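One structure below.
This structure is a prediction, so every number in the text was calculated from the model and none was measured. Letters A, B, ... are given to chains in the order of the sequence lines, protein chains preceding strands, and every chain is numbered from 1.
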Amino acid sequence: MTKKPFFITTPIYYVNDAPHLGSAYTTIAADVLSRHYRGQNTPVLFVTGTDEHGKKIADSAAAKNQKEHIFVDAVSKQFKATWAALNIHYDTFIRTTDEVHIKNVQNQFELLKEKDLLYKGTYEGLYCVSCEEYKQPDDLMEGGLCLIHRRKVEEIKENVWFFKLSGFATTLKKLIEEGTLVIEPERRRNETLGWLKEGLRDLAVSRSKVKWGIPLPWDKAQTIYVWADALLNYHTARAQAWPPDVQIIGKDILRFHAIIWPALLLGLGLNLPKKIFAHGFFTVAGHKMTKTLKNVVDPVALCKKYGVDTLRYFLLREFPFGDDGDFSEEKLQQRYKNDLQHDLGNLVQRVLTMEEKYTVKIEPGIAPRCAQAELHTERLEFDKALIEIWNLVRGANELIDREKPWVLSQTDPHKLATVLKTLHRMLETIGAGLEPYLPETASRIKALLAGGRSAEPLFPPLK
RNA sequence: CGCGGGGUGGAGAAGUGGAAUCUCGGCAGGCUCAUAACCUGCAGACCGUCGGUUCGAAUCCGACCCCCGCACCCA
């Protein structure tokens, strides 16, 4: 019997623009987790992808004078290229324009209808004819003017299909409280329970005015609401791994994943994901990262400048996954200089140099694992896992200073060999522990320890 | 209004009843195997405010002040 793969998902990313640091953050975290499990010989299903329907995307395509499918092909490709640049090893890349996904969404909607969970109702809202979309009262200027077009929004009604979300509040609350559906960090769980306590409203799950989307099978004039379409991607990708073990999301989309998504699954009679983990957000040099501020950070550019592993390290080390934090290139450089270049890079260099200089030959061994780090990784405490590994790095540096191999080489060759062997093993442990986080560095360390030479230091000084 | 989170040395954080910890930065010293790296030590916080519980509170309780997020745009 084959073991059910450990099923990890990221959200599928909306392709109305190129990938940015935030999507990279989520995806790197998922990659680290899946590399960790693969390293334990646990089969993994790691799914990511792109969300390609909806009016915003039709608009973005139109702005470029492109057909929708041409546009989404291009951006989706860009996401794949970004993940390749970031060393992300996913198993499945789902696109919501995939034929198999469209079929699946339509089938699931048929099923919801059969189960009497959909009904036709009236959606009312403030509509801007120029934007062709509904506005929230908060999004409007005084006098009910659309911010973008400065024209008065209209109160309109349309007939759409509703999902009976309201009926699931009690069940969801129970499932979350008893821990069947785990939501982490705890504050996000509390937040979700708070929403449930306030009660749920039924959800409009079709749109009569959005053309670029999946048609409702029985009412082809309407398309399926993009979030319902998008959430079902996880089910399309399921393989033999249902349900997901961990679904990593950003805190902004908690409501969709902690409420709408499980309600849909309950409605469909499917098992719920075991855990939903909502991570925090970056500010950029203290400011919210938004397109209007033009401070959106391009992860690929950072990789080119500092190396993939530097970016992966910084993002996961700088602050706890789940908390908010701040990104700045200065901070990234600090981390590079202190942690990677000086602590780790220099340590590897000095140990290898001593082995060579004092002609001590050390056979490759089986490195003890860093169990503490692994435990933290499984809890998605990536920063703590890295701190554990760096405690080993620091420990090795301290050991060198304490034992003074350069003295031992004159006085006690036997002890010298023992000390260098200990250090060598420590580096093996460090290298292995780093594999999920810094895969490139880990394999370079491994090669160096096995006797390979390299002219290029692990982390050269920044220019 | 309400709900959720948060306010700890110059900066960023850990710490949920019992000698205030870590990293960066600053200062001083040591070492020479090493990528001007590494190691050691020092200075620096009355833990948002006020009040309470307790032998004892950053940690529990109450009030208040300030910051951030909150339903179909967004990792």
Nucleotide N/O of nucleotides 25-32 of chain B paired with protein N/O under 3.5 Å:
from  : atom 1 : to     : atom 2 : distance (Å)
B:G30 : N2     : A:D401 : OD2    : 3.3

Check: Between B:U35, B:C72, B:A34, which one does the side chain of A:T353 approach most closely?
Finding: B:A34
Margin query: Looking only at the side chain of A:D252 (C-beta and beyond, no hydrogens), which of the listed nucleotides B:C70, B:A75, B:C33 gets closest?
Written below: B:A75
Notebook entry, point to check: Contact class for A:D343 vs. all strands (heavy atom < 4.0 Å): base, sugar-phosphate, or nothing?
Noted result: sugar-phosphate
Item checked: Any donor-acceptor N or O pair under 3.5 Å, side chains A:H101, A:D229 -> yes
Margin query: From CG of A:L196 over to C1' of B:G4, roughly how many Å is that when rounded to an integer?
Written below: 14 Å
Item checked: Comparing A:P461 and A:S23 on RNA chain B - which has the more 5′ nearest nucleotide -> A:P461
Notebook entry, point to check: With respect to the side chain of A:N346, which nucleotide from B:A37, B:U40, B:G5 is positioned closest?
Noted result: B:A37
Check: Judged by modelled atom types alone, do A:T377 and A:Y437 share a side-chain donor-acceptor pair under 3.5 Å?
Finding: yes
Item checked: B:C38 phosphate, OP1 or OP2, under 4.0 Å from A:R402 side-chain N/O -> no
Item checked: OP1 or OP2 of B:C73 under 4.0 Å from side-chain N/O of A:N16 -> no
Check: Side chain of A:T26, backbone of A:T10: donor and acceptor closer than 3.5 Å?
Finding: no
Check: Between A:K174 and A:E177, is a salt bridge (charged side-chain N to carboxylate O under 4.0 Å, His left out) present by the stated rule, with each step listed?
Finding: CA-CA 5 Å; A:K174 182 167 158 278; A:E177 276 171 348; over 6 Å; no
Next item on the list: Please confirm whether A:K331 makes a cation-pi placement over A:F314, using NZ or CZ under 6.0 Å from the six-membered ring centre and within 45° of the ring normal.
Entry: no
Item checked: Phosphate OP1/OP2 of B:C24 contacted by A:W390 side-chain N/O (<4.0 Å) -> no
Note to self: Among B:A34, B:U35, B:A75, which nucleotide has an atom closest to any side-chain atom of A:H20?
What the structure shows: B:A75
Note to self: Need to verify one output field. Residue with the more 5' nearest nucleotide on RNA chain B, A:F459 or A:R335?
What the structure shows: A:R335
Check: Any idea which of B:C74, B:A14, B:G4 is nearest the A:P320 side chain?
Finding: B:A14
Check: Among the nucleotides B:A75, B:U35, B:U23, which one has an atom lying closest to any side-chain atom of A:F281?
Finding: B:A75
Note to self: Please report whether the ring centroid of A:F71 lies less than 6.0 Å from that of A:W212.
What the structure shows: no
Check: What is the distance from CG of A:L231 to C1' of B:C72, rounded to the nearest Å?
Finding: 11 Å
Note to self: By the 4.0 Å heavy-atom rule, please label A:R189 as base, sugar-phosphate, or nothing.
What the structure shows: nothing
Next item on the list: Answer yes or no: is there an ion pair linking A:E329 with A:K305, defined by an N-O contact shorter than 4.0 Å?
Entry: yes
Note to self: Side chain of A:R255, heavy atoms from C-beta onward: which of B:C38, B:A71, B:A75 has the nearest atom to it?
What the structure shows: B:A71
Next item on the list: Quick one: label A:Y25 by what it contacts on the DNA or RNA (base, sugar-phosphate, nothing), any heavy atom closer than 4.0 Å.
Entry: nothing
Item checked: A:E440: salt bridge (Lys or Arg N to Asp or Glu O under 4.0 Å) partners, not counting sequence neighbours -> none
Next item on the list: Please report, rounded to the nearest Å, how far the P atom of B:C72 is from the NZ atom of A:K251.
Entry: 17 Å
Next item on the list: Give a yes or no on whether a donor-acceptor pair under 3.5 Å exists between the nucleobase atoms of B:C72, that is its base, and the side chain of A:Y225.
Entry: yes
Notebook entry, point to check: Looking for any heavy atom pair under 4.0 Å, which part of the strands does A:L347 touch: base, sugar-phosphate only, or nothing?
Noted result: nothing
Margin query: Quick check on B:U35: is either OP1 or OP2 less than 4.0 Å from any side-chain nitrogen or oxygen of A:Q349?
Written below: yes
Notebook entry, point to check: If you check every side-chain atom of A:L203, which of B:C72, B:A75, B:A71 has the closest atom?
Noted result: B:C72
Note to self: How many whole angstroms separate atom NZ of A:K384 from atom P of B:G12?
What the structure shows: 19 Å
Note to self: Counting the atoms with a prime plus P, OP1 and OP2 as sugar-phosphate, which does A:R187 contact under 4.0 Å by heavy atoms, base, sugar-phosphate, or nothing?
What the structure shows: sugar-phosphate
Check: Does the gap between the ring centers of A:F79 and A:F93 come in under 6.0 Å?
Finding: no
Next item on the list: Go through B:U40, B:A14, B:A37 for me and flag the one nearest to the A:D323 side chain.
Entry: B:A14
Check: Pairing of RNA chain B as dot-bracket, 5' to 3': ( ) intra-strand, [ ] crossing, | other strand, . unpaired, with Watson-Crick or G-U pairs under 3.5 Å?
Finding: .(((((((.[[[[.)..(..]]]].(((((.......))))).....[[[[[..)....]]]]])))))).....
Note to self: Please classify the nucleic acid contact of A:P11 as base, sugar-phosphate, or nothing, using heavy-atom distances under 4.0 Å.
What the structure shows: sugar-phosphate
